[in-house]
Amino acid sequence: MVYPVAAPPIEGGVVVLENGRIVEVGRRVPAGVPEQDLGEVALLPGLVNAHCHLEFSSRKQPLGKPGMELHQWVRLVIGQRQTAARIGKAITAGLAESVQAGVTTVADICRVVSPAYFASHDSPRLVLLQEAIGYSQARAASAKSGVEQNLAELTSLATDAGATRASLGVSPHAPYTASPALVRELVSVAVERGAPVALHLAESEAELQLIGAGNGPFQELLEERGMWDPWAIPRGATPMDYLRILTKAPRALVVHGNYLDDASLAMIGRHSGAMALVYCPRTHAYFEHPPYPLAKALSMGVRVCLGTDGLGSNPDLSLLSEMRHVARNHRGVSPEAVLRMGTLSGAEALGLERVAGCMRTGMPADLMSIPLPAKASGGPSGMLEAILADEQPAAGVWVDGQDLLAAAE
C-alpha cells in the first residue's frame, strides 16, 4: 500500500526512483526498470519532526517527574546545561535515533553551533532554528546580532561539510525568555532570509500569568537570574499579541499552544498559509496539561503538525509514536489527518513542501516503510488505522533515495 499523502492511496502501488528522486507514483513497474519488492508494507513519505531539541538526546529518561509545573522543569534544565562537546554527542545520537524511527526531516531548536549537525551524510534533512534568549528590551539588539553570527557560522560549517540537506531559521525561545522586541527583531531576520520562525507560546498557565500580569513563577525566576525587565511586556498582553508579530514572518511555527483560546486558534487558522501550530503529544501528556484542543483547531482550519520535543520531556524521538498517541487519544481525528500532521503539514510549516512530506513526481525520494499488521483490513483507511494502532517500527527509511537503515548497519 502506497500513501502519497498529496494524492489518494494506491493498493499494490509502485514508486519509481531515479537519481534519488521520484519519477512516478502508480500501479505498474515501467518496462526495463529494476524492481524491488518491499513485501507486505505501507510505503509512506518520510516523517517530519517539526519540533525537536536534539541537545537532550543523550538522556536516559525525562527530567523531573510527570505532572510537574513547567517553570519547575525549566529550573532543572538551567541546572543541567551541558558543554558544547556533550551537546554535539547528543545531536549525533538524536539524528541516528530519528533515522531509526522513520523521520527524514528534523526541525531542531539549535542552541549551540555544532559541527555534529553536518558530520554524517546518512542523516535526515535538517532545519536548524537558531535559538535566541533575551528578556529585557535592552538585550534585543545584541541577541539579534548573536543569532546572525551563529547563522553565518552554521552556513560556513554546512558548506565546508558539503551538507546540502540543511536549511536555517530562527527561534526566539518563549515569552518568558524573549521579549516582544526580540521576537520582532528575529522576525525581521526571517523576512530578510525567507526563513521560518519558531516560538514556544501558551505553553503553560504560568506563562500566561507573566505576559498578562507581569508576575508569577516566571517573573520570580527572571528576577532571580537578573533578567527581569518590568517594561518588556505591556500589561494585559495575551498570546494574540505574539501571533500578530508572527504574521509578518514568511513561515511561523507556534510551538505547543497548550493554552491558546478560541480567538487565537481562529487567527492561526486565518493565517494557515504561513502559520502552523506544532503539537507535541507526549510532552503535553508528560506535563499533564488539560486535553489538547486538536479537533477544534483542525475544524478552525489550523495547520497542525507534530513534534517530539526532546528527551527532557519525552521517552524517545519517534514521531510515529507521537502519531499513534494522537490516534489513541483523539478518536475524532481521522487516520488520514494524523498521517498528514506527521508528514506534509510539517513540511508545509517549514517551507519544505517541495522536497518533503509527500510523494510527487520530481521530489526527493524521502520515504519510510512499515509492516502492515496481520489483521489490517478495510481498505487504505482501515490499514492506516491498523498501523496507527500497532507498535511495529519502521522497516525501511530513505532520504534522497538512499537507504539510511541499510547504511547504518
Side-chain angles (χ1 to χ4, degrees), residues 47-82 87 90 93-94 97-98 100-101 103 106-109 111 129 131 171 173-177 198-210 216-218 221 239 253-260 277-295 297 304-331 333 338 341-342 346 388 391 393:
L47 304 182
V48 179
N49 186 346
H51 180 70
C52 187
H53 293 267
L54 290 175
E55 68 173 281
F56 294 113
S57 300
S58 294
R59 293 197 58 80
K60 303 302 181 185
Q61 61 185 27
L63 281 166
K65 59 184 180 179
M68 71 187 307
E69 296 292 334
L70 180 65
H71 60 88
Q72 297 170 331
W73 182 86
V74 169
R75 287 180 182 276
L76 295 178
V77 172
I78 293 171
Q80 298 191 24
R81 286 296 194 187
Q82 305 178 84
I87 290 175
E97 181 179 340
S98 297
Q100 292 291 325
V103 174
V106 174
D108 187 45
I109 303 300
R111 192 172 65 84
L129 297 152
E131 185 180 78
S171 179
H173 175 247
Y176 55 87
T177 54
L199 174 71
H200 299 73
L201 185 65
E203 191 174 359
S204 71
E205 290 178 310
E207 176 196 313
L208 299 185
Q209 183 179 357
L210 173 74
F218 278 120
L221 179 58
L253 291 87
V254 179
V255 181
H256 297 304
N258 302 322
Y259 294 89
L260 291 172
L277 180 61
V278 187
Y279 175 29
C280 299
R282 290 182 295 164
T283 288
H284 183 274
Y286 183 72
F287 289 106
E288 298 179 0
H289 295 299
Y292 199 79
L294 178 59
V304 182
C305 47
L306 301 178
T308 61
D309 213 348
L311 299 194
S313 57
N314 209 341
D316 56 54
L317 297 177
S318 171
L319 199 81
L320 181 59
S321 293
E322 305 291 346
M323 294 163 65
R324 286 168 167 163
H325 182 98
V326 172
R328 288 193 304 271
N329 292 279
H330 298 273
R331 296 293 186 178
V333 177
V338 176
M341 283 188 280
L388 293 173
E391 296 296 330

- request: Apply side-chain contact (heavy atoms from CB on, under 4.5 Å) to the pair L260 and L277, showing each step before the final yes or no.
  value: CA-CA 10 Å; L260 291 172; L277 180 61; 3.9 Å; yes
query: Could you walk me through whether T177 and H200 pass the side-chain contact (heavy atoms from CB on, under 4.5 Å) check?
result: CA-CA 10 Å; T177 54; H200 299 73; over 6 Å; no
query: Under the ring-ring contact (aromatic ring centres under 6.0 Å, His included) criterion, do Y176 and H173 qualify, and how do the steps go?
result: CA-CA 8 Å; Y176 55 87; H173 175 247; 5.5 Å; yes
- request: Determine, step by step, whether C280 and H256 satisfy the side-chain contact (heavy atoms from CB on, under 4.5 Å) criterion, reporting the C-alpha distance in whole Å, the side-chain angles of both residues, the deciding distance to 0.1 Å, and the verdict.
  value: CA-CA 6 Å; C280 299; H256 297 304; 3.7 Å; yes
- request: Kindly indicate, with the supporting measurements, whether the criterion side-chain contact (heavy atoms from CB on, under 4.5 Å) is fulfilled by V103 and L317.
  value: CA-CA 9 Å; V103 174; L317 297 177; over 6 Å; no
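How far CG of N314 is from CG of L63: 12.0 Å, rounded to the nearest 0.5 Å. The distance from the CG atom of D108 to the OG atom of S98 is 9.0 Å, given to the nearest 0.5 Å. Note: E55 CD to E131 CD = 7.0 Å, rounded to the nearest 0.5 Å. Distance check: M323 CE to S318 OG gives 9.5 Å after rounding to the nearest 0.5 Å. Atom CD of residue E203 and atom CG of residue L70 lie 4.5 Å apart, to the nearest 0.5 angstrom. To the nearest 0.5 Å, atoms CZ (R111) and CG (L54) are separated by 12.5 Å.
The aromatic rings of F56 and W73 are tilted relative to each other, their planes meeting at an angle between 30° and 60°. Ring planes of H284 and H289: tilted class, angle from 30 to 60°.
Residues P315 and Y286 have side chains not in contact (no heavy-atom distance under 4.5 Å, counting atoms from C-beta outward). Put simply, the side chain of H51 does not reach to within 4.5 Å of the side chain of L253, judged on heavy atoms. Residues P175 and L201 form a side-chain contact, since some pair of their non-hydrogen atoms from C-beta on lies under 4.5 Å apart. Within the 4.5 Å cutoff, no side-chain heavy atoms of N329 are placed close to those of Y292. By the 4.5 Å heavy-atom criterion applied to side chains, M68 and F287 are counted as neighbours. Using a 4.5 Å heavy-atom threshold, the side chains of P217 and Q72 count as separate. Counting heavy atoms from C-beta outward, C305 and V48 have side chains that stay 4.5 Å or more apart.
In terms of heavy-atom proximity, A285 sits nearest to H325 at CB-CE1, 3.9 Å. Across S57 and A93, no two heavy atoms sit closer than the pair O-CB, 4.2 Å. Closest non-hydrogen pair, P239 versus A202, comes out as CG-CB, 4.2 Å. Here the closest non-hydrogen pair linking E205 and Y259 is CG-CE2, 3.5 Å. Between L47 and A101, the shortest heavy-atom distance links the atoms CD1-O, 4.1 Å. V278 approaches G307 most closely through the heavy-atom pair CG1-N, 4.0 Å.
When atom types are taken as modelled, the side chain of N258 and the backbone of S204 share no donor-acceptor pair closer than 3.5 angstrom.
Under the salt bridge (charged side-chain N to carboxylate O under 4.0 Å, His left out) criterion, the residue pairs touching residues 57-75 are R75-E224, with sequence neighbours excluded.
Screening T308, L319, L306 for a side chain to side chain contact (heavy atoms under 4.5 Å, CB included) with P281, the sole residue that qualifies is L306.
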